[in-house]
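Here the structure comes first, spelled out in structure tokens, and everything after it is commentary.
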Number of protein chains: 2
Amino acid sequence: MASLGELERAVMDLLWAGQEAATANTLRDQLARTSAAQGGSGHEGKELAVTTVLTVLSRLEKKGLVERERGTRPHRYQAVSSRADHTAELMHEVLGSAPDREAVLARFIGSVSEGEAETLRKLLGQP
Amino acid sequence: MASLGELERAVMDLLWAGQEAATANTLRDQLARTSAAQGGSGHEGKELAVTTVLTVLSRLEKKGLVERERGTRPHRYQAVSSRADHTAELMHEVLGSAPDREAVLARFIGSVSEGEAETLRKLLGQP
DNA sequence: TTTAACTTCTACGATCCGTAGAAGAACTGC
DNA sequence: GCAGTTCTTCTACGGATCGTAGAAGTTAAA
């Protein structure tokens with residue numbers, strides 16, 4: 001139950017990019033600008049209705065990806081976890097469904113760049 | 001475009017498990033047996049119509065996960081790549097969409113079991 | 001207290017997936 | 001060669017998810 005739609009993903013990207021919690025209106029404007037100019041993948045320069053953004057935010061909330069402050073008047077929304085955390089979690093999810101985890105890891109490592117391999121070695125440290 | 005439905009996944013699991021290419025009928029029977037007894041997740045003991053299996057196989061073929069021998073009379077189907085390869089590819093796909101790959105890897109490594117960390121060290125070898 | 005901003009409810013069309021019947025194509029035994 | 005059987009393709013429907021947004025209800029501001 002982890003897959004996101006195109007607009008849902010665009011919204012998450014904005015929430016992950018900004019450090020502050022955002023309102024639906026802010027997000028709507030950012031979506032309108034994010035953005036024809038950028039190489040943004042898909043959801044660019046659309047003038048969306050605010051209700052559209054609110055619906056998407058509600059769905060993201062139900063999925064546990066977003067939380068909102070209900071206290072403030074324009075509710076403020078923010079990502080529950082960082083993009084890196086979320087992505088890493090997704091990777092574990094994908095990996096977890098395999099009965100041959102070690103084989104998967106082997107293939108995975110096999111096609112990682114040398115730079116990243118180096119990073120991984122550092123992260124793994126000594127036994 | 002990588003996510004699979006429940007039945008699609010069950011079929012892939014069978015194709016990945018068996019080493020030989022299988023026919024729709026074989027798969028149908030295996031699906032009927034794979035199986036109430038097993039802890040199979042979801043798609044168990046259903047008596048499916050063969051056309052149902054064929055439809056699913058066609059969809060998997062369109063997605064590039066399965067290929068079929070059209071020459072033989074009952075067409076024979078097999079997975080294009082091993083489960084491990086496919087899963088590793090999926091992991092790369094998930095990772096690839098992130099601008100902060102190293103951060104993701106860090107989180108990922110952070111929540112890997114010690115046994116797997118050991119495996120990873122071996123796989124990475126020396127610089 | 002009227003109005004403006006904001007949220008919730010409801011809904012519709014598109015796509016995807018599980019499911020399968022109907023119709024068409026090919027093989028097999030006579 | 002023909003009839004019956006087997007197999008494939010085409011078409012379709014119902015449920016779920018997602019993009020999209022109007023209508024109605026609620027709260028804050030003037």
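All chains are named by letter (A, B, ...) in the order of the sequence lines, taking the proteins before the strands, and each is independently numbered beginning at 1. In this text, all values refer to a predicted model and were calculated from it rather than measured experimentally.
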Under a 4.0 Å heavy-atom criterion, the protein footprint on nucleotides 25-30 of chain D, written with B, S and -, is -BSS--
Pairing of B:Glu116 and A:Arg101 as salt bridge, 4.0 angstrom limit: yes
B:Thr55 has its side chain closest, among C:dC17, C:dA20, D:dT20, to C:dA20
Quiz prompt | Donor-acceptor pair between B:Thr52 and B:Thr55 side chains, under 3.5 angstrom | solution = no
Whole-Å distance, A:Leu57 CG to C:dT7 C1', equals 12 Å
Of the candidates C:dA20, C:dT8, D:dG19, the side chain of A:Glu6 sits closest to D:dG19
- OP1 or OP2 of C:dT8 less than 4.0 angstrom from a side-chain nitrogen or oxygen of A:Arg68, does that happen here? yes
Taken to the nearest whole Å, CG/B:Leu65 to C1'/C:dC17 is 15 Å
Looking at A:Arg107 and A:Ala103, would you say the former's side chain and the latter's main chain have a donor-acceptor pair under 3.5 Å? yes
Atom CZ of B:Arg59 and atom C1' of C:dC17 are separated, to the nearest Å, by 5 Å
The nucleotide from C:dT8, D:dA21, C:dC17 with an atom nearest the side chain of B:Lys63 is C:dC17
Compute whether any side-chain donor of one residue and acceptor of the other, for A:His92 and B:Ser111, lie under 3.5 angstrom apart. yes
A:Lys62 NZ to C:dC9 C1', in whole Å, measures 12 Å
side-chain N/O B:His75 vs D:dT8 OP1/OP2, d < 4.0 Å: yes
On a heavy-atom basis, the closest approach of A:Leu15 and A:Tyr77 is CD2-O, 3.7 Å
Practice prompt. State plainly whether the residues A:Glu61 and A:Arg70 are in salt-bridge range, i.e. N to O under 4.0 Å.
Written response: yes
Step by step, work out the side chain to side chain contact (heavy atoms under 4.5 Å, CB included) result for A:Lys63 and A:Leu4.
CA-CA 10 Å; A:Lys63 292 185 191 183; A:Leu4 299 185; 3.9 Å; yes
Rounded to whole Å, CZ of A:Arg76 lies from P of C:dC6 at a distance of 11 Å
A:Glu47 CD to D:dG22 P, in whole Å, measures 13 Å
message: Counting only side-chain nitrogens and oxygens, does B:Arg70 get under 4.0 Å of the OP1 or OP2 atom of D:dT9?
response: yes
Whole-Å distance, B:Leu54 CG to C:dG21 C1', equals 13 Å
Original post:
Is the distance from OP1 or OP2 of C:dA20 to the nearest side-chain N or O of B:Thr52 less than 4.0 Å?
Top reply: yes
note: B:Arg9, atom CZ; C:dC16, atom P; distance rounded to Å ~ 18 Å
Against the side chain of B:Leu7, the closest entry in D:dA21, C:dT19, C:dG21 is C:dT19
By the 4.0 Å heavy-atom rule, please label A:Thr23 as base, sugar-phosphate, or nothing. nothing
